[in-house]
Amino acid sequence: MSDVYALCPVLENDNYLLRFVEHKDVPFLLRVYSDKKSVPFFNSDNCHGDDFYYNSYKRMEEAVNYWIDEYGRKSFVRWSIISKKTDEVIGTIEVFQRRSSDDFNQCGLLRMDLRSDYETEDCIENLLSILIAPIYKLFECQFIATKAIPLAGERRKALEKMNFQWTDHKLVGHDGTEYENYWILLK
């Protein structure tokens, strides 16, 4: 697991490039995180009450600084998603190996935050195809877990296409809160 934190890999296909989040991404990310249509799809479970709705440059900059600092602490990796068609950042993906005493112990927990116009089955399937194989290796996990609420129809269709299975198991937060609507993909 240390390799991903020594050097964050760049991952890509014909449509999207994933690279470590950078300060220069703030203006693009502000469009994502201030998009009220997108916020309900973000996974803020176990994030100390942060809903990831940022409507100021300063707040977005603070979030990016936090993500960079957490990477330095080996907590998680946050990639910026760049559309090769438009050459702009259209979201982020966070992944980490979760350590817990619940059913999600040592999974690769995947969080995908997209601008609402990219919250489509095709885009999500494209992004998952870039990530799945590397996640198992980079985060030394046996399965991948991600959240998709019932309202996230496009996301759920993409997850099903990529062989994720809905689970009724609850992810238990650090304060004992139980979170649902998770989908898993076994190695």
Side-chain angles (χ1 to χ4, degrees), residues 1 3-5 8-9 11-18 32 35 37-48 50-52 67 70 74-81 83 90-187:
M1 208 162 69
D3 290 345
V4 73
Y5 294 107
C8 183
L11 307 170
E12 65 184 305
N13 64 15
D14 291 341
N15 300 307
Y16 301 100
L17 181 130
L18 310 178
V32 175
D35 181 346
K37 289 188 263 178
S38 294
V39 173
F41 301 117
F42 300 165
N43 178 355
S44 60
D45 292 355
N46 215 27
C47 292
H48 309 285
D50 190 345
D51 65 1
F52 295 94
W67 297 337
E70 286 302 303
K74 301 182 179 184
S75 300
F76 56 78
V77 177
R78 180 75 70 149
W79 281 278
S80 286
I81 306 165
S83 166
I90 53 103
T92 67
I93 290 175
E94 176 184 297
V95 182
F96 61 96
Q97 186 199 78
R98 186 168 189 271
R99 295 177 188 259
S100 66
S101 58
D102 63 15
D103 293 319
F104 294 87
N105 185 40
Q106 294 187 331
C107 76
L109 192 70
L110 165 68
R111 292 182 169 136
M112 186 181 304
D113 301 341
L114 296 169
R115 208 172 68 204
S116 61
D117 51 330
Y118 286 90
E119 183 68 32
T120 66
E121 179 182 351
D122 184 57
C123 175
I124 295 164
E125 185 180 352
N126 236 280
L127 292 168
L128 290 171
S129 72
I130 299 170
L131 285 163
I132 289 172
I135 286 175
Y136 290 117
K137 183 178 177 189
L138 293 169
F139 297 93
E140 298 175 2
C141 57
Q142 294 302 307
F143 71 102
I144 299 168
T146 193
K147 184 169 184 151
I149 61 173
L151 184 64
E154 294 289 304
R155 189 173 292 228
R156 285 176 167 229
K157 284 190 269 185
L159 291 171
E160 285 176 0
K161 269 188 159 173
M162 298 301 291
N163 298 314
F164 279 76
Q165 303 281 320
W166 178 83
T167 181
D168 60 356
H169 293 264
K170 307 285 191 278
L171 184 144
V172 181
H174 51 77
D175 64 355
T177 302
E178 292 184 348
Y179 302 99
E180 57 188 2
N181 295 309
Y182 278 87
W183 294 65
I184 60 171
L185 179 65
L186 300 176
K187 191 171 184 179

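Atom set for the values below is all heavy atoms of this structure, side chains included, hydrogens, waters and symmetry mates excluded.
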Could you tell me which non-hydrogen atom of Ala145 sits nearest to which non-hydrogen atom of Cys107, and how far apart they are? CB-SG, 3.9 Å
If the condition is side chain to side chain contact (heavy atoms under 4.5 Å, CB included), which residues does Asp103 pass it with, not counting sequence neighbours? His169
Ion pair check, Lys157 and Glu160, cut-off under 4.0 Å: no
One should read off an interatomic distance between Met112 CE and Tyr118 OH, to the nearest 0.5 angstrom, of 14.5 Å
Could you tell me if the side chain of Tyr16 sits less than 4.5 Å from the side chain of Ile90, heavy atoms only? yes
Distance col, row Asp35:CG vs Asp117:CG, nearest 0.5 angstrom, shows 7.5 Å
Find out whether Phe41 and Leu114 are in side-chain contact, i.e. whether some heavy atom of one side chain is under 4.5 Å from a heavy atom of the other. no
What distance separates Leu18 CG from Leu11 CG, expressed to the nearest 0.5 Å? 5.5 Å
With side chain to side chain donor-acceptor pair (under 3.5 Å) as the test, would you mind laying out the steps for Thr177 and Asp175 before giving the verdict? CA-CA 6 Å; Thr177 302; Asp175 64 355; 2.8 Å; yes
Identify every side-chain donor-acceptor pair in residues 180-187 under 3.5 Å, counting partners at least two apart or on other chains, and give the distances.
unit_1	atom_1	unit_2	atom_2	d
Asn181	OD1	Arg156	NH2	3.4
Tyr182	OH	Asn43	ND2	3.2
Tyr182	OH	Asp45	OD2	2.7

Phe96 and Arg111, any side-chain heavy atoms less than 4.5 Å apart: yes
Using the test salt bridge (charged side-chain N to carboxylate O under 4.0 Å, His left out), find all partners of Asp102 that sit at least two apart in sequence or belong to another chain. Arg98
With side chains defined as the heavy atoms from C-beta onward, is the minimum distance between Leu171 and Leu109 less than 4.5 Å? yes
Is there a donor-acceptor pair under 3.5 Å between the side chain of Gln97 and the backbone N or O of Glu140? yes
In this structure, CE of Met162 is separated from CG of Leu127 (nearest 0.5 Å) by 10.0 Å
Any heavy-atom pair between the side chains of Gln106 and Gln142 that's under 4.5 Å? no
Distance in Å, Phe42 CZ paired with Asp113 CG, rounded so as to fall on 0.5 Å steps: 4.5 Å
Got a donor-acceptor contact below 3.5 angstrom from the Thr92 side chain to the Arg78 backbone? no
Check the pair Asn105 / Arg99 against side chain to side chain contact (heavy atoms under 4.5 Å, CB included), numbers first and verdict last. CA-CA 5 Å; Asn105 185 40; Arg99 295 177 188 259; 4.2 Å; yes
Once you measure the plane-to-plane angle for Phe139 and Tyr5, does it fall in the parallel (<30°), tilted (30-60°) or perpendicular (>60°) bin? perpendicular
Are Ile81 and Arg115 side-chain neighbours, meaning at least one heavy-atom pair lies under 4.5 Å? no
Would you call Glu119 and Ile124 a side-chain contact if the rule is heavy atoms closer than 4.5 Å? yes
Test Ile144 against Tyr136 for side chain to side chain contact (heavy atoms under 4.5 Å, CB included), laying out the working first. CA-CA 8 Å; Ile144 299 168; Tyr136 290 117; 3.7 Å; yes
Shortest non-hydrogen pair, Gly91 vs Val32, comes out as N-CG2, 3.8 Å
Are Ile135 and Cys141 packed together at the side-chain level, in the sense that at least one heavy-atom pair is separated by less than 4.5 angstrom? yes
